[in-house]
Number of protein chains: 2
Amino acid sequence: MGKIGKQTWRFEKPIYINSTGTTVGPLESQGPLKDSFDKWFDKLHCDEKNWEAAERKLLQEAITICLNKANQTTKNIDIFLAGDLLNQTVTSNFIAREVQIPFLGLFGACSTSMESLALGAQLIDSGYAQTALCGVSSHNGATERQFRYPTEYGGPTVKTKTFTVTGAGVALLSQKTSHVIVKEAIIGKVIDWGIGDPNNMGTAMAPAAADTIYTFFQDTDYNPQDFDMIVTGDLSSVGSPILKQLLLEKKLDISQNHHDCGLMIYRPNQPVSAGGSGCACSAVVTYGHLVKQLTKGTIKRVLVVATGALLNPTVIMQKETIPCIAHGVVLEAAGGQNS
Amino acid sequence: MGKIGKQTWRFEKPIYINSTGTTVGPLESQGPLKDSFDKWFDKLHCDEKNWEAAERKLLQEAITICLNKANQTTKNIDIFLAGDLLNQTVTSNFIAREVQIPFLGLFGACSTSMESLALGAQLIDSGYAQTALCGVSSHNGATERQFRYPTEYGGPTVKTKTFTVTGAGVALLSQKTSHVIVKEAIIGKVIDWGIGDPNNMGTAMAPAAADTIYTFFQDTDYNPQDFDMIVTGDLSSVGSPILKQLLLEKKLDISQNHHDCGLMIYRPNQPVSAGGSGCACSAVVTYGHLVKQLTKGTIKRVLVVATGALLNPTVIMQKETIPCIAHGVVLEAAGGQNS
């Protein structure tokens, strides 16, 4: 039985992250995690003609880097699991065309990073794949134009708004021994507390993150102190305190080890309002920074909870709200899997 | 090992379709398969204020019908797998909020019907779920407005264009014995032969369907004559002959038992140009008509290949083409599983 409790998956075999690939745009490469990323582009266009093509380049390059590190080629990969924020997950679809690997398209907004990692590990654990490539991407220019206003429009911003990370993060999974193990995953439920403001997604997503984290600790024997870090995807400076308060009200204190990828990726003085967001936010921080720390052994175990605001501009204009979801994955340093 | 050959999954345990729910709109309820659907709406608005809300009602009602038939409630369902054609798969997200089941959001355009069924069966087979609810939806008014022109615009149509089916189809899976078994699935690759015309998706998708069907017969010991029907999702009158010709060129003859859901669901004299399309097209024909035939035993084994045109209007304006994918599932009458 892979399922434990209500929503948690525990992988019976050791599933390893064999390699990762991360690419980022100009603002992310000026942030504190610069050196943990594999490749950075100085220009938002990434030498392409439009934002959408730039996002495709970010994902394609991340895949190439990931496979090269593991000395693998696309022919040896059994399944490609991917998604992104653009309508019809168009970035993933076009890259799936290039890699020619059987493809499962996913959409969970910014939670797609951990949705793809969870499903990839599950497919390997159950013998449905030997190798899985899991990846997501986002692009500030393409996303802002689609969901809010084109950046060229120069519209005023508000302090609660997050800034979509430009980048792509990819992980290659198999049972081949490596430094980082995927131990468990938790599949979230959709939670909606009635927030309808696309410029305040941290508040909208915090209850979904709280529900997933609370359920995870109910489903398992873990305590928050068993984790060096409990990392959310993109709750930002607005959603992070709400998450901690919601969990404290349920007598779960994660304040000592909670971090948010959207706050980790930029310096406080960078012009990103409340912090980073987007599929790539949790993906590049996890596959860049966290995997490096786990590999070095400076941290032993981390719970990554990717948060997704399932925002649709059309129904927002119809006065609907923003349903949200959060999926989590437990990563361990390979030496620590028996602890 | 669940994986056989390059892309095919064979389920080790018997996974049953315990019940299905299908809802359709006015034009579909005037078609030849009317009596195989559970509920039909006379008006495209389905008594809601807008197309998007109407699509949500179609999916919600299909779920309610499906669960009622099996005497089940949402509390007993381990996982909900769904997707649709609207941006951010907004219909599925909102319904996931209502049902409060752990949710995996999927996107494969019209192929999402069989993507969700395949993954649901896989999760049960491997012990990651005991019950899975798999569903998709589409709505003619919402989809035409998003991808082409609002129907109110009255734009001229062309003969190669397909007509999005209004409806929703849902299946409940478990290991509890029933009349229809999910035997195998095949996960497709993205294929793009350079078609960039959103009004000719049958031609765009035929090569993806051909690739999936050809690979399926390579991966398994089946021959086309082992199937009472080989059913594609929405290739229409334009794509169907292309599919058969492409397979004939590879010495695979499916002409005797090929059918297309987009041609089955409407009468030839209905105003749908080349035939039906949309996520609901393959879903309501499969979960309505085909499941009923398998239950009666009038057919014993069917291969359903749902075809998806991964069309994105923005990149079409950037002169890109339409990548396509097709996922297949083998359904058997429960008496025939040892044949």
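By convention in this document, chain letters (A, B, ...) are assigned in the order of the sequence lines, proteins followed by strands, and residues within each chain are numbered from 1.
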*Is it the case that B/Glu144 and B/Thr151 place a side-chain donor and acceptor less than 3.5 Å from each other?*
no
*Which value, rounded to the nearest 0.5 Å, describes the distance between A/Leu133 atom CG and A/Ser174 atom OG?*
11.5 Å
*asked:* Any carboxylate oxygen within less than 4.0 angstrom of a Lys/Arg side-chain nitrogen, looking at B/Asp192 and A/Arg97?
replied: yes
_Quick one about B/Thr164 and B/Thr143 (side-chain donor to acceptor, distance below 3.5 Å, no hydrogens or angles considered), yes or no?_
no
*Does a side-chain heavy-atom distance below 4.5 Å link A/Phe94 with B/Val315?*
yes
*Is it the side chain or the backbone of A/Phe147 that comes within 4.5 Å of chain B heavy atoms, both, or neither?*
side chain
*To the nearest 0.5 Å, tell me how far B/Thr91 OG1 sits from B/Glu55 CD.*
3.5 Å
*What class does the angle between the rings of B/His45 and B/Trp51 fall in, given that below 30° is parallel, 30 to 60° is tilted and above 60° is perpendicular?*
parallel
_Contact check, side chains of B/Ser126 and A/Gln122, non-hydrogen atoms, under 4.5 Å_ = yes
*Over 60° means perpendicular and under 30° means parallel, so classify the ring planes of A/Trp9 and A/Phe11, tilted if in between.*
perpendicular
*From A/Thr321 OG1 over to A/Ile316 CD1, what is the distance, rounded to the nearest 0.5 angstrom?*
7.0 Å
*A/Thr220 and A/Ile4, any side-chain heavy atoms less than 4.5 Å apart*: yes
*Check each atom of B/Glu98 against the heavy atoms of chain A and say whether the ones under 4.5 Å are side chain, backbone, both or neither.*
neither
*Less than 4.5 Å apart, any side-chain heavy atom of B/Ile124 and any of B/Thr131?*
no
*Highest number of heavy-atom pairs under 4.5 Å with chain B: which of A/Lys49, A/Gln146, A/Glu320?*
A/Glu320
*Quick one: do the A/Gln88 and A/Asn93 side chains pair a donor with an acceptor below 3.5 Å?*
no
*Of all the residues in residues 102-115 of chain A, which have a heavy atom that comes within less than 4.5 Å of a heavy atom in chain B?*
A/Pro102, A/Phe103, A/Leu104, A/Gly105, A/Leu106, A/Phe107, A/Glu115
*Do B/Leu173 and B/Cys134 come within less than 4.5 Å of each other through their side chains, counting heavy atoms only?*
yes
*Count the heavy-atom pairs under 4.5 Å between each of A/Ile187, A/Thr215, A/Ile186 and chain B, then report the option with the highest count.*
A/Ile187
_Proximity breakdown for B/Gln318 and chain A, heavy-atom pairs closer than 4.5 Å_ = side chain
N/O donor to acceptor pairs below 3.5 angstrom from side-chain atoms of residues 304-311 of chain A, sequence neighbours left out:
from: A/Thr307; atom 1: OG1; to: A/Asp234; atom 2: N; distance (Å): 3.0
from: A/Thr307; atom 1: OG1; to: A/Asp234; atom 2: OD1; distance (Å): 2.6

*asked:* As an exercise: rank A/His327, A/Glu52, A/Gln7 by heavy-atom pairs under 4.5 Å with chain B and give me the winner.
replied: A/Glu52
*Mind checking which of residues 74-86 of chain A sit less than 4.5 Å from chain B, heavy atom to heavy atom?*
A/Asp78, A/Ile79, A/Leu85
*Do A/Asn50 and B/Thr314 have side chains that get closer than 4.5 Å, going by heavy atoms?*
no
*Considering only heavy atoms, give the residues of residues 204-212 of chain B separated from chain A by less than 4.5 Å, sorted numerically, with 'none' for an empty result.*
none
